[in-house]
2 protein chains.
Amino acid sequence: MRDLSRATGMSLAGLYYYFESKERLLFLIQKHTFTTILKNLKSRLEMVSDPERRIRIFILNHLQYFVANRHGLKVLAHEDESLKNELGSEIADIKREYYRICLGLLEDFQRVRKIDFNSRTAVMSLFGMINWIYTWYSPRVDGDALALAEEMGTIFLHGIVSVNLKGRVRTKRLRHS
Amino acid sequence: MRDLSRATGMSLAGLYYYFESKERLLFLIQKHTFTTILKNLKSRLEMVSDPERRIRIFILNHLQYFVANRHGLKVLAHEDESLKNELGSEIADIKREYYRICLGLLEDFQRVRKIDFNSRTAVMSLFGMINWIYTWYSPRVDGDALALAEEMGTIFLHGIVSVNLKGRVRTKRLRHS
DNA sequence: CTACAATTCGAACGAACGTTCGAACTTATG
DNA sequence: CATAAGTTCGAACGTTCGTTCGAATTGTAG
């Protein structure tokens, strides 16, 4: 709270005039963030019906928000489970809806392509891929969200075996010793 | 430190007889953890030369340690970047070696299969998949590390499209509303 | 202008934290 | 047995943290 006070220029007591507690402030930030991501996603999904493209839209939507707000999301990730009781369960509800949507996208894909896989593991693997970027993403080296979304989308859908991005591939100079 | 004192039954001051500071204790825990994972990995890789199987061994080794020590690793993930200066950079060195090994495995695979992809993105995506389990893994619903490693290995190598685990697949009953 | 509400803040409170210190207790050595 | 070294702990220290309170300032309405 003292850091926030310094950063905003408002006194510590002033902050408490607007937010009744640190916990409630965190709640409002989390709710706003996850609601926004969810709203953007729903709006984009309305326009596309092909199952593969819908999965790619999910990934792109997620990565764009994460890349654009990566410093904030690093903090949110760190405070992920710190909300308790009603506040915490309201956030959990929003996340659950997000999870369900992703699960639905994968199961639609599964049905159309007539393939079989553990959908829970698949959703969680995908979440891992796209959430983890808060630990490593650097705009300089990793390109924009669109490029990343294409790479990750292809890895997730077809694996590294068949990855072949139309010319845009940058092979890194690193070689293991 | 007071929590540790309560959990171990040793007094707060007693802990400081063995560990000079909280930061140094965290350092020792991190160093022991990452060194162990790295040592196990190297030992297992010595026995296998096929690039695909080596990647699968990497995944299995990582998941087995994470599943066996998931409560501890949740804490480690939370304190991931809290070590500063020399202590922090010594840990960073170990992690970098781990990263390089994984990168090498992927590039060997790439060379043998004559395929092309952004290896940094691939490594980070894989790390995301296998590190993220500390947020969701439950032994009851998700099976053991071996089953998970096979699922994730296949997703990473071939994508969800061609996932087809020999009979062991459990399709979940969830359907999105 | 007056009067009242809305806003801002310095200063403090109590709790929690990392750490230290000296005294007490235990163990090993001769 | 005495002595010293190794081990344990209660109690306190200084600091940081979340929060509150009353006073001061600003904005608004009649």
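All of these numbers come straight from a predicted model, not from anything done at the bench.
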Exercise for the section: Considering only NZ, NE, NH1 and NH2 on the basic side and carboxylate oxygens on the acidic side, decide whether A/Glu79 and A/Lys22 come within less than 4.0 Å. Expected result: no

Exercise for the section: Measure centre to centre between the rings of A/Phe58 and A/Tyr98, then say whether the value is under 6.0 Å. Expected result: yes

Practice task
State, yes or no, whether a side-chain contact exists between B/Tyr137 and A/Met124 at a heavy-atom distance under 4.5 Å.
Solution key: no

Problem - Salt bridge A/Arg113-A/Glu52, side-chain N to carboxylate O under 4.0 Å - result: yes

Practice task
Can you sort out which residues in residues 19-33 of chain A have a heavy atom within less than 4.0 Å of DNA chain D? Ascending by number, please.
Solution key: A/Ser21, A/Lys22

Problem - Short N-O contact, A/Arg111 and A/Glu107, less than 4.0 angstrom - result: no

Practice task
Give the ring-plane orientation class for B/Tyr99 versus B/Phe127, where under 30° counts as parallel, over 60° as perpendicular and anything between as tilted.
Solution key: perpendicular

Fill in the blank from the handout: 5' to 3', nucleotides 8-15 of chain C under a 4.0 Å protein heavy-atom cut-off (B base, S sugar-phosphate only, - none) gives BBB-----

Problem - Side chain A/Arg54, main chain A/Val48, donor-acceptor under 3.5 Å - result: yes

Problem - B/Thr36 (side chain) donor-acceptor with B/His32 (main chain) under 3.5 angstrom - result: yes

Handout entry: Short side-chain to backbone donor-acceptor contact, A/Thr33 and A/Ile29, under 3.5 Å
Key = yes

Completion exercise
Pairs under 3.5 Å (Watson-Crick or G-U), crossing ones as [ ], inter-strand ones as |: DNA chain D comes out as ||||||||||||||||||||||||||||||

Practice task
May I have the distance from B/Met1 (atom CE) to D/dT16 (atom P), rounded to whole angstrom?
Solution key: 19 Å

Practice task
Answer yes if the side chains of A/His78 and B/Asp80 hold a donor-acceptor pair under 3.5 Å, and no otherwise.
Solution key: no

Problem - Whole angstrom value for the distance that separates P of D/dC17 from CG of A/Leu15 - result: 14 Å

